[in-house]
Amino acid sequence: MRTWQCFLDLQTKLAYGDYAGVDSPYSGAIQAEARRVIAAHNLSGPTLVIGPGGGTERAWAGSALPGPVTFMSAHAPDVREGEVLGDMHDIPLRSGGFGLVFANSVLEHALAPYVVLHEVRRVLRPGGHAYFVVPGFEGDEAGVGPFHLHCMARQEWRELMNKTGLETVVGLDQDGGVRAHRYHHFLVRAVQVPGSHATVHEALLEAARRR
């Protein structure tokens, strides 16, 4: 666990420096597209937002996402009163407690996205939904530099979600400008975890029960 925390702390520092609460130039466009998809599917809360960005994401979440809304960040300086300090690889919240999990430009920072997606599936109630936005890496940035650890294509993300019991409801691409070229949006639904991956999921549920 000490090694894991060392990597987590290092990645957070490399990606965000001393303060994570900044907006990207594309935040407004991403939020508008996510709002449209979420409203069209009449999703229900409570909602967990993992790794909220700048203040605009918090304000946007209050009007666009079904409440009540819980914010969780692994970056201590960015955690505000009433929010949760926690690692997305080991979410310190009860199983089945949320109808929606939202994470914008977060999964590509994960040390182990397979583990993160299992944890998202764990905290979702059956039939609940998650909404993920990940940057495409076809542009100049292409995952180079300290910010992104997992620079997978859309179909690879989708397959990993399927393995962890997150079935794609909507998958779409959005223009991201010069650097990212596009952002991939995924609305997924919590279904039965398939095959041998169900054993992993049951172990996570049992570990959460023992906490």
Enquirer: Would you kindly say whether S44 and R125 are connected by a side-chain donor-acceptor distance under 3.5 Å?
Expert: yes

Enquirer: Side chains of V170 and H41, heavy atoms from C-beta outward: is any pair under 4.5 Å?
Expert: yes

Enquirer: Can you find a pair of side-chain heavy atoms, one from V106 and one from V133, that are under 4.5 Å apart?
Expert: no

Enquirer: Any side-chain heavy atom of V193 sitting closer than 4.5 Å to one from R121?
Expert: yes

Enquirer: Name the orientation class of the two ring planes belonging to Y131 and F102 (parallel below 30°, tilted from 30 to 60°, perpendicular beyond 60°).
Expert: parallel

Enquirer: Are the side chain of H118 and the backbone of L204 linked by a donor-acceptor contact shorter than 3.5 Å?
Expert: no

Enquirer: Say whether, by atom type as modelled, one donor and one acceptor occur between the side chain of E156 and the main chain of A153 under 3.5 angstrom.
Expert: yes

Enquirer: Distance to the ring centre below 6.0 angstrom and angle to the axis at most 45 degrees; does that hold for R158 and F186?
Expert: no

Enquirer: Any Lys/Arg nitrogen of D78 or R58 sitting under 4.0 Å from an Asp/Glu carboxylate oxygen of the other?
Expert: yes

Enquirer: Kindly determine whether Y114 and H197 satisfy ring-ring contact (aromatic ring centres under 6.0 Å, His included), including the steps that lead there.
Expert: CA-CA 10 Å; Y114 175 79; H197 304 284; 5.7 Å; yes

Enquirer: Run the salt-bridge test on E159 and R154 with the 4.0 Å N-O cut-off and return the result as yes or no.
Expert: no

Enquirer: Please determine whether residues F71 and L85 belong to a single hydrophobic cluster, defined as Ile, Leu, Val, Met, Phe, Trp and Tyr linked transitively by side-chain heavy-atom distances below 4.5 Å.
Expert: no

Enquirer: Would you mind reporting whether R189 and T168 have side-chain heavy atoms less than 4.5 Å apart?
Expert: no

Enquirer: Would a distance-only check, ignoring hydrogens and angles, find a side-chain to backbone donor-acceptor pair under 3.5 Å from E202 to T199?
Expert: no

